[in-house]
J.: 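The structure is given below, and queries will be raised subsequently.
We name chains A, B, ... by the order of the sequence lines, and we start the count at 1 in each one.
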There are 2 protein chains.
Amino acid sequence: MQQEIVLAMLAKEPSYGYQLRARLRDALGPLGDALNAGQIYVTLTRLEKAGLLAVERSADGGDRSDRKVYVLTPDGQQRVAEWIAEVNWPKPDLAEFHLKLIAASSAGLADPVTIVDIQRRELLRRLRDAQRAAMAEPRHSNAALLLEGVVLRLQADLRWLEACEKNWTHRRSGS
Amino acid sequence: MQQEIVLAMLAKEPSYGYQLRARLRDALGPLGDALNAGQIYVTLTRLEKAGLLAVERSADGGDRSDRKVYVLTPDGQQRVAEWIAEVNWPKPDLAEFHLKLIAASSAGLADPVTIVDIQRRELLRRLRDAQRAAMAEPRHSNAALLLEGVVLRLQADLRWLEACEKNWTHRRSGS
DNA sequence: AGCCCCATGTCTAACGGTTAGCCCCGTCGC
DNA sequence: GCGACGGGGCTAACCGTTAGACATGGGGCT
């Protein structure tokens with residue numbers, strides 16, 4: 001997944017690691033800060049080993065730092081084209097929380113409704129943060145669009161938490 | 001993440017691998033079919049190596065199959081308690097799609113609006129599937145609740161796709 | 001001059017999730 | 001006898017992720 005992202009970024013223009021990282025951060029806006037620097041290099045070397053990338057030592061100008069500039073091989077270009085055409089929407093990963101409620105309840109470790117409440121507080125906090133961050137971005141920018149998606153997701157998750165609370169209070173009184 | 005889930009399941013009652021898998025499938029309903037059987041054993045052995053689980057050879061009854069029944073160690077119990085108390089909501093992973101649009105557009109590989117359209121069709125399909133699956137589950141069951149979360153998420157994602165489409169058509173005409 | 005912090009830039013070890021696929025064994029049907 | 005199938009268990013290998021190590025060079029402070 002991240003491999004394809006790196007490939008796609010290099011499809012626009014060859015870059016060396018740090019440059020690539022900067023371009024990614026730029027495209028993601030404030031959410032780009034979560035990226036781990038090391039990840040880029042791990043991915044680049046693995047892609048090179050797989051033959052999807054090639055290295056072009058930068059011997060240009062007076063640049064004495066031996067940066068490795070990566071470019072796509074034909075295989076890499078094909079891979080990018082395939083990725084663009086693919087549908088790969090992430091499956092919702094609600095299972096973890098759901099199983100936490102079940103486990104807490106059935107093993108008598110904690111009150112599910114309390115857990116739901118804690119999570120709701122956290123999501124509300126994140127929602128405020130995301131809305132504030134979205135406000136700070138220029139209208140119609142990449143980052144603003146991405147943040148809008150985050151906000152919509154959080155709102156949906158909060159609505160699900162409401163449903164969880166209703167369900168588990170109902171069970172508590174029901175059984 | 002999955003480690004904690006396995007631990008929490010074993011907090012309710014000790015089990016051997018296949019049993020655990022069955023209990024997980026049961027708790028997740030139709031979504032449990034996506035689980036990979038091998039994963040459970042990988043996780044169990046890693047947890048045992050970490051000292052969070054211990055093995056109890058089942059010498060019970062006439063059961064000649066040498067199943068390994070796993071039970072929590074005190075460390076394991078503490079780990080479960082910590083996990084229950086933690087807030088660990090998954091971060092929305094919209095970045096991949098977002099970067100796909102950017103890459104496709106900036107490298108001139110495909111039309112972003114077309115990509116959005118393809119994804120929307122897929123999400124609508126999944127939404128229908130999830131709603132149908134939810135209808136097939138008993139009211140107030142675990143599986144029904146989980147599926148409701150999936151539906152809410154998909155609806156939010158579809159709304160985000162609308163926003164993406166507006167944004168990118170706007171850019172196309174704007175630049 | 002000496003010093004320290006910070007940004008740039010790269011890399012590695014190690015862990016954890018995921019997958020595909022192999023293995024044994026018993027049972028049921030043909 | 002034989003094959004299919006399901007229960008039950010396991011492994012190799014890949015990939016994502018993280019916390020750090022390492023090197024360099026410039027700017028500011030004393």
Side-chain angles (χ1 to χ4, degrees), chain A residues 1-9 14-26 28 31-53 55-58 60 62-70 79 83 88 90-91 93 95-96 99, chain B residues 1-9 14-26 28 31-53 55-58 60-70 76 79 83 88 90-91 93 95-96 99:
Chain A
M1 319 308 157
Q2 304 315 90
Q3 294 198 142
E4 283 87 349
I5 290 174
V6 167
L7 282 178
M9 285 278 128
S15 304
Y16 55 94
Y18 199 83
Q19 218 176 16
L20 197 55
R21 184 189 165 208
R23 288 171 53 202
L24 273 172
R25 287 175 62 112
D26 194 64
L28 292 176
L31 276 65
D33 298 350
L35 268 71
N36 184 309
Q39 175 90 25
I40 276 89
Y41 301 98
V42 177
T43 308
L44 284 174
T45 53
R46 301 222 258 236
L47 285 172
E48 186 192 354
K49 192 160 46 181
L52 301 176
L53 290 182
V55 197
E56 253 185 16
R57 281 269 162 201
S58 86
D60 56 2
D63 220 341
R64 93 268 279 113
S65 64
D66 46 346
R67 296 167 179 149
K68 284 196 269 184
V69 175
Y70 290 90
R79 191 83 177 74
W83 179 66
N88 39 11
K91 298 199 194 311
D93 38 349
E96 182 177 359
L99 289 170
Chain B
M1 317 308 157
Q2 306 315 91
Q3 295 198 140
E4 282 88 348
I5 290 175
V6 167
L7 282 178
M9 285 279 127
S15 304
Y16 55 93
Y18 199 84
Q19 219 175 15
L20 197 55
R21 184 189 166 209
R23 288 171 53 204
L24 273 172
R25 286 174 63 111
D26 194 63
L28 292 176
L31 277 64
D33 299 348
L35 267 70
N36 184 308
Q39 176 90 26
I40 274 90
Y41 302 99
V42 177
T43 307
L44 284 173
T45 54
R46 301 222 259 236
L47 284 171
E48 187 192 353
K49 191 160 46 180
L52 301 176
L53 290 183
V55 196
E56 252 185 18
R57 282 268 160 202
S58 86
D60 57 359
D63 219 341
R64 92 260 290 111
S65 63
D66 45 347
R67 296 169 179 149
K68 284 195 269 184
V69 175
Y70 289 91
R79 191 83 176 74
W83 179 66
N88 40 11
K91 298 199 193 311
D93 39 350
E96 182 176 359
L99 289 170

J.: For A:D26, check side-chain hydrogen bond (donor to acceptor under 3.5 Å, both in side chains) against everything at least two apart and list the hits.
T.: none
J.: Mind calculating the distance between CG (A:L20) and P (C:dG9) to the nearest angstrom?
T.: 13 Å
J.: Please list, by residue number, the residues of residues 34-46 of chain A whose heavy atoms come closer than 4.0 Å to an atom of DNA chain C; answer none if no residue qualifies.
T.: A:G38, A:Y41, A:V42
J.: Taking salt bridge (Lys or Arg N to Asp or Glu O under 4.0 Å) as the cut-off, I'd like each qualifying pair that reaches into residues 34-50 of chain B, sequence neighbours left out, listed once.
T.: none
J.: Please report, to 0.1 Å, the donor-acceptor pairs under 3.5 Å made by any side chain of residues 31-40 of chain A, with sequence neighbours excluded.
T.:
{"residue": "A:D33", "atom": "OD1", "partner": "A:R25", "partner atom": "NH2", "Å": "3.2"}
{"residue": "A:N36", "atom": "OD1", "partner": "A:G38", "partner atom": "N", "Å": "2.8"}

J.: Atom CD of A:Q2 and atom P of C:dT18: how far apart are they, to the nearest Å?
T.: 14 Å
J.: Decide yes or no for A:S15 and A:R23: does some side-chain heavy atom of the first lie under 4.5 Å from some side-chain heavy atom of the second?
T.: yes
J.: Would you tell me if any nitrogen or oxygen in the side chain of A:K68 comes within less than 4.0 Å of OP1 or OP2 on C:dC11?
T.: yes
J.: Provide the closest heavy-atom pair for A:G17 versus A:L44 in the form atom of the first, atom of the second, distance.
T.: CA-CD1, 3.9 Å
J.: When rounded to the nearest 0.5 angstrom, what distance separates CG in A:L99 from CH2 in B:W83?
T.: 6.5 Å
J.: For the pair made of CD in B:E4 and P in C:dC15, what is the distance, rounded to whole Å?
T.: 16 Å
J.: Grab the CD-P distance between A:Q3 and D:dC15 for me, whole Å please.
T.: 5 Å
J.: What is the distance, to the nearest angstrom, from the CZ atom on B:R21 to the P atom on D:dG9?
T.: 11 Å
J.: What donor-acceptor contacts under 3.5 angstrom involve side-chain atoms of residues 2-9 of chain B, with partners at least two apart or in another chain?
T.:
{"residue": "B:E4", "atom": "OE1", "partner": "B:M1", "partner atom": "N", "Å": "3.0"}
{"residue": "B:E4", "atom": "OE2", "partner": "B:R79", "partner atom": "NH2", "Å": "2.7"}

J.: Which value, rounded to the nearest 0.5 Å, describes the distance between A:Y41 atom OH and A:Y16 atom OH?
T.: 9.0 Å
J.: Any side-chain heavy-atom pair from B:R21 and B:L24 closer than 4.5 angstrom?
T.: no
J.: For nucleotides 5-8 of chain C, list the nitrogen or oxygen atoms of the protein found under 3.5 Å from its nitrogen or oxygen atoms, one pair per line.
T.:
{"residue": "C:dT8", "atom": "OP2", "partner": "A:Y18", "partner atom": "OH", "Å": "2.7"}
{"residue": "C:dT8", "atom": "O5'", "partner": "A:Y18", "partner atom": "OH", "Å": "3.2"}

J.: Rounded to whole Å, please give me the gap between CG in B:L47 and P in D:dC10.
T.: 14 Å
J.: Would you kindly give the CD-to-C1' distance between B:E48 and D:dC10, to the nearest whole Å?
T.: 13 Å
J.: Rounded to whole Å, please give me the gap between CG in A:L24 and P in D:dT17.
T.: 12 Å
